[in-house]
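Everything on this sheet refers to the single structure shown next.
On a predicted model such as this, the values are computed, not experimentally measured, just so you know. Just so it is clear: chains get the letters A, B, ... in the order the sequence lines come, proteins before strands, and each one is counted from 1.
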Amino acid sequence: MKDACDVCVIGSGAGGGPVAFTLAKAGYKVIVLEKGPWLTEQDFYKDELACCRRRVYVPDLKEEPHVVEIEEETGGWVARSTGGSGWDFWNGNCVGGSTNFMSGFFYRLKPVDFRLLSTFGPIEDAHIVDWPISYEDLEPYYTLVEREVGVSGKVVLHPHNEPRSTPDFPYPPTQEHPITEDMDKACRTLGFNVFPTPRAILPFAAMGRKGCAYSGYCGSYGCATGAKGSSRVALINRAVATGHCEVLPKAMVYRLETGGDGKVISAHYFGEQGTSKTIRARIFVVACQAIETARLLLLSKGPKHPNGLGNSSNLVGRNLLFAGGGAGFGWVSFAKFGEQLREDTFINRTLQDWYVIRDPNFGQPQKGGTVSFSFEHPAPIARATQLLEDRDKKLVWGHVLKRKLERRFRGGRFIKLEAFCDWLPIDNCLVTLDKTIKDKWHLPVAKIRVAFHPKNLQVGWYLASHGAEVLKQMGAEDVIAYAVGSPPTNLVAGTCRFGKDPKTSVLDPDCRAHEVENLFVTDGSFMPTGGSAPYTWTIYANAFRVADRIKAQLS
Amino acid sequence: MDRRQFLVRMGATSLAFIPTYSFLSTFPSKIVPFKKGSLLSSKQLALLETLTEHFFPTEPDAPGAREINATGYLAWVIEDPKLDVSVRTFLVEGFTQLEHVSRQKTQKEFSQLSYDEQESVLRILEDTPFGHRWLKTVLDFVMEALLSDPIYGGNTGGAGWKWLHHTPPFPSPPQNKRYFLL
């Protein structure tokens with residue numbers, strides 16, 4: 001039957017790809033329902049209008065908005081639709097999801113991330129918990145991702161190395177820019193332990209994919225060579241090749257129907273022509289990214305699930321996570337660093353010396369995070385439009401604008417630092433269904449209340465200021481660093497945290513809904529805390545782990 | 001009629017109405033920016049040309065609005081069926097506002113003003129919330145004309161990239177993979 005299968009996977013990104021690949025390879029019939037179209041390398045060009053100015057890889061916000069609720073200075077909450085507000089929480093609607101458009105900076109979490117509460121104790125107003133699994137449970141799957149998705153890097157010992165079951169990465173680092181030597185030297189002088197940032201990018205052709213072309217346009221752009229380890233190219237294509245997996249693009253799932261026993265019996269979706277269709281399966285896996293996963297569960301009420309699927313705890317949508325932290329820049333001029341600075345290879349450098357901060361001036365030992373360095377994205381229109389207003393917000397045009405453009409483009413480049421710390425889970429960061437705004441299918445849209453814990457800023461600033469020391473030491477000019485309270489909308493997790501207690505978690509340790517034995521969630525929704533680094537690798541690894549549990553349940 | 005058919009039809013029916021503006025000659029095939037009855041009148045097009053040349057003047061060693069076909073590019077943006085209707089309305093309304101301020105302050109059309117008079121009028125317009133937002137939006141699109149892929153009609157021959165020593169991004173989109181066809 002074309003409308004029935006063993007496993008129905010909703011979403012084809014980092015959470016869906018490993019499940020589809022693992023189960024199809026094991027011979028189970030898998031159907032993947034993907035909301036977006038099926039684009040391939042032949043559709044991806046370095047086209048700033050496509051990716052970023054007209055945003056063709058995400059839904060039209062007039063048709064599919066979210067509602068964002070933020071706190072006013074006076075203390076009340078104000079909600080606005082993203083259709084015109086400047087916010088956009090969509091990250092890539094197409095086969096492979098947002099992994100098509102990631103930068104591919106890949107980090108494992110560390111053992112301490114799995115036991116934050118027991119290591120550091122509670123934090124006031126933050127719902128810190130230990131994970132129900134340990135780093136050791138996930139380690140084999142991190143290693144599996146290195147091999148199956150393709151992660152390049154080089155193990156360099158430093159005080160916070162996570163344990164590994166293999167001596168090194170399966171692929172050597174991508175080509176490094178000459179300025180990394182200046183950065184390494186600066187770090188040595190400062191006593192910092194810098195190491196090459198692992199990337200989900202193949203440095204050379206492998207696994208039927210081409211190697212990196214070093215155009216420098218990774219983040220926000222689809223990869224034209226297939227070197228970037230998107231779920232589509234690394235896993236979905238291979239799942240389909242088994243003959244056991246079918247991908248249905250432009251299939252927008254709007255409800256999971258449950259039977260009298262509370263189990264899911266079918267997924268209802270709108271096809272390309274807008275007609276409603278149904279897939280029946282033994283097991284359902286939801287992986288739509290944390291916000292849309294929560295929305296789908298809340299939309300899927302049934303006789304046994306009056307508050308939404310798997311939501312007897314009323315925790316679906318709660319404890320929404322992003323990535324906390326800070327950022328900074330330093331200017332390196334061609335006059336000072338030479339014309340070789342124009343080369344389009346990567347910096348790829350990371351510091352994790354403060355993954356746990358043991359600094360008496362900063363209080364008790366506490367969780368810190370990661371500082372990564374890269375060149376500013378080369379997208380030229382984005383860089384140019386930053387120059388259109390002066391410090392007083394007066395518009396700049398004419399000869400003045402042209403001289404600014406010349407200095408900006410012909411004078412040098414910015415090195416960017418990003419600091420990542422835990423985005424602490426709090427009461428006022430959550431997803432619910434909006435009561436008034438509906439999307440083009442007349443379904444309530446997700447309302448995202450966004451607030452952050454002040455500790456995010458403190459730790460973010462601590463990390464960013466250390467990163468700025470490196471930029472200054474290596475001779476960069478106009479160095480600035482700052483903490484960031486706004487959520488980075490491309491790193492989203494939480495909303496269906498896993499745990500052992502059904503009263504305090506949505507999913508069990510295998511990421512199965514506590515109260516729905518044939519429903520799994522495998523995107524970043526499961527994470528009760530986010531770790532202090534971008535977590536795409538962790539989502540991939542956990543989805544492989546859960547796929548093994550599903551395989552066991554099916555057999 | 002789908003989007004592709006619409007664009008093809010635009011190209012097929014509008015050639016007879018192309019006025020003498022030079023920017024049209026470098027427009028990508030099958031995307032002719034406007035036709036009779038389009039949103040922009042000849043006067044508005046002339047105003048747009050004056051404005052873009054004020055914003056991005058031609059210099060001996062640097063391309064200006066003419067060299068990057070900024071006017072043609074903006075005319076096409078306004079005609080782009082993918083452009084949000086409210087943005088299109090906003091852009092067109094700005095021409096009326098600019099002309100209104102120009103006549104109010106100088107009793108002349110904007111295109112007839114000296115450089116200094118134009119500057120003065122634009123700064124007056126900028127002081128209003130609408131004016132600031134509109135001028136910023138036009139400038140944004142001039143930057144697109146300067147640095148987007150030449151296949152979209154601006155950045156003629158990669159003039160913007162060459163001037164700013166920007167390595168042309170690769171691979172660049174072919175005709176059948178322009179963003180509105182994806």
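B/Arg123 is listed as a side-chain neighbour of A/Leu395, based on a closest heavy-atom distance under 4.5 Å. Using a 4.5 Å heavy-atom threshold, the side chains of A/Arg410 and B/Trp163 count as touching. Using a 4.5 Å cut-off on side-chain heavy atoms (C-beta onward), A/Arg342 and B/His166 make no contact.
There is no contact between A/Arg407 and chain B, counting heavy-atom distances below 4.5 Å. Neither the backbone nor the side chain of A/Val400 comes within contact range of chain B, judged by heavy atoms closer than 4.5 Å. For A/Lys62, the part lying under 4.5 angstrom from a heavy atom of chain B is the side chain only. Of the two parts of B/Leu164, the backbone and the side chain both hold a non-hydrogen atom closer than 4.5 Å to a non-hydrogen atom of chain A. Neither the backbone nor the side chain of A/Ala379 comes within less than 4.5 Å of any heavy atom of chain B. Looking at A/Phe334, neither its backbone nor its side chain comes within 4.5 Å of chain B, counting heavy atoms on both sides.
Annotation: residues 99-112 of chain B contacts chain A through no residue [non-hydrogen atoms, separation under 4.5 Å]. Residues of residues 127-149 of chain B lying under 4.5 angstrom from chain A, judged on non-hydrogen atoms, are B/Asp127, B/His132, B/Leu135, B/Lys136, B/Leu139, B/Asp140, B/Phe141, B/Met143, B/Glu144, B/Leu146, B/Leu147, B/Ser148 by number.
If you check the side chains of A/Trp397 and B/Glu119, you find a donor sitting under 3.5 Å from an acceptor.
Between the CG atom in A/Leu401 and the CZ atom in B/Phe56 there is a gap of 6.0 Å [rounded to 0.5 Å].
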